[in-house]
Amino acid sequence: MTTVGAAVNYTGNVGGLGRSKPPYSDETFPGLFDDGLSDGRAVHAEDAQESASGQPAQYTFSLLGKIVTATNLATKLKPMDIAELPEADYQTAMDVRLKGITLSEKSLQSQYTDYSAPDFSNEPRVQTYATVTVGGRVVATIDNQGVVESSDADYLRFKAALSESVNTTNGPDLAQRRAEEIAAVMGGTVQKSTTAITQSQFEAL
């Protein structure tokens, strides 16, 4: 059985920001969140105020039996006008901002642009070059690239006879050869399509 408890936040803030301990700290993990110093004095967040010298406030507490001092740097952080930076630092800061703007722009473009797949239905290269018919049934369709489409059962019968290429290339020449190879194996006839193109037309595309 797995039991998942609710998340418990432990905030060890300094400089008067306040701190809360999980209710199980003293019982389950004795000494883990001990507020006492080695001499028994208790230290509270309200005691960790910024010193009169303007130095960052420090907060001392005991953690696992050791005295730990944390510095509240947040009290010293101030916004900086990048226009006041030296030229080299100013250029670096502007480059970082420009890259951030560019990334945000690309993210928005990706989020709101519809990337629909292009329509290749009228692309000459994917149009039918020829079909192979056996007893009135089309057993294979070959496009102008030489790509063959058929049922799995028919393909298993003629796949071993198919050429890989013609003169190390594809196109209508390959389509014609494959159509003839399929017809020879299947005992069918080749019927050239009206959308068939020549090898030179294919290469011009």
Side-chain angles (χ1 to χ4, degrees), residues 1-38 41-127 143-147 149 168-171 201-205:
M1 181 179 68
T2 301
T3 302
V4 181
V8 180
N9 294 323
Y10 173 75
T11 306
N13 296 329
V14 294
L17 296 181
R19 178 167 62 88
S20 61
K21 294 197 302 182
Y24 55 76
S25 59
D26 292 333
E27 295 79 6
T28 310
F29 303 103
L32 178 60
F33 301 103
D34 185 10
D35 283 335
L37 296 177
S38 57
R41 291 182 293 111
V43 177
H44 302 284
E46 56 268 21
D47 297 328
Q49 303 299 323
E50 187 172 346
S51 64
S53 63
Q55 295 299 316
Q58 291 185 334
Y59 177 40
T60 303
F61 58 94
S62 176
L63 178 63
L64 295 176
K66 294 183 179 181
I67 302 302
V68 178
T69 300
T71 301
N72 183 11
L73 297 177
T75 60
K76 301 300 292 181
L77 296 178
K78 297 179 180 179
M80 176 179 292
D81 184 357
I82 63 172
E84 298 176 358
L85 294 172
E87 183 61 24
D89 294 338
Y90 172 79
Q91 291 298 332
T92 300
M94 293 305 294
D95 289 343
V96 171
R97 282 193 175 185
L98 181 59
K99 289 179 180 178
I101 293 172
T102 301
L103 289 174
S104 297
E105 182 180 10
K106 290 182 178 179
S107 176
L108 289 172
Q109 287 177 346
S110 175
Q111 183 176 356
Y112 292 104
T113 301
D114 181 18
Y115 292 99
S116 56
D119 182 12
F120 291 112
S121 59
N122 294 320
E123 166 62 46
R125 284 171 287 197
V126 300
Q127 297 300 308
D143 69 12
N144 285 311
Q145 301 174 100
V147 176
E149 181 181 350
T168 69
T169 188
N170 65 340
Q201 288 174 325
F202 177 82
E203 292 172 357
L205 294 172

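What's counted below: heavy atoms across the whole structure, side chains too, no hydrogens, waters or symmetry copies. Nothing here was measured: the structure is a model prediction, and the numbers come from that model.
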**Q** Side chain of Ser110, backbone of Lys106: donor and acceptor closer than 3.5 Å?
**A**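 No.
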**Q** In Å, rounded to the nearest 0.5 Å, how long is the span from CD of Gln201 to CD of Glu203?
**A**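 Spacing of CD (Gln201) from CD (Glu203) equals 11.0 Å.
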**Q** Using 0.5 Å steps for rounding, measure from the CZ atom of Arg97 to the OG1 atom of Thr92.
**A**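 With rounding to 0.5 Å, CZ (Arg97) is 13.0 Å from OG1 (Thr92).
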**Q** Are Val126 and Gln145 side-chain neighbours, meaning at least one heavy-atom pair lies under 4.5 Å?
**A**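 With C-beta onward as the side chain, the pair touches.
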**Q** If you measure from CD on Gln127 to CG on Asn122, what distance do you get to the nearest 0.5 Å?
**A**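 One finds 6.5 Å between CD of Gln127 and CG of Asn122.
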**Q** So, does Thr102 use its side chain to make a donor-acceptor pair with the main chain of Leu98 at under 3.5 Å?
**A**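 Pair found, side chain donor or acceptor close to backbone of Leu98.
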**Q** Is there a side-chain contact between Glu123 and Leu205 (heavy atoms, below 4.5 Å)?
**A**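 Glu123 reaches Leu205 side chain to side chain.
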**Q** Look up atom CD in Glu87 and atom CG in Asp89, then write down how far apart they are to the nearest 0.5 Å.
**A**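 Spacing of CD (Glu87) from CG (Asp89) equals 9.5 Å.
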**Q** Short question: side chain of Asn144, backbone of Pro124 - any donor-acceptor pair under 3.5 Å?
**A**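 Yes, the answer is positive, given that a donor and an acceptor are paired below the 3.5 Å cut-off.
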**Q** Please say whether more than 12 non-hydrogen atoms of neighbouring residues, nucleotides or ligands are located less than 6.0 Å from CD in Glu149.
**A**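 12 or below, so no.
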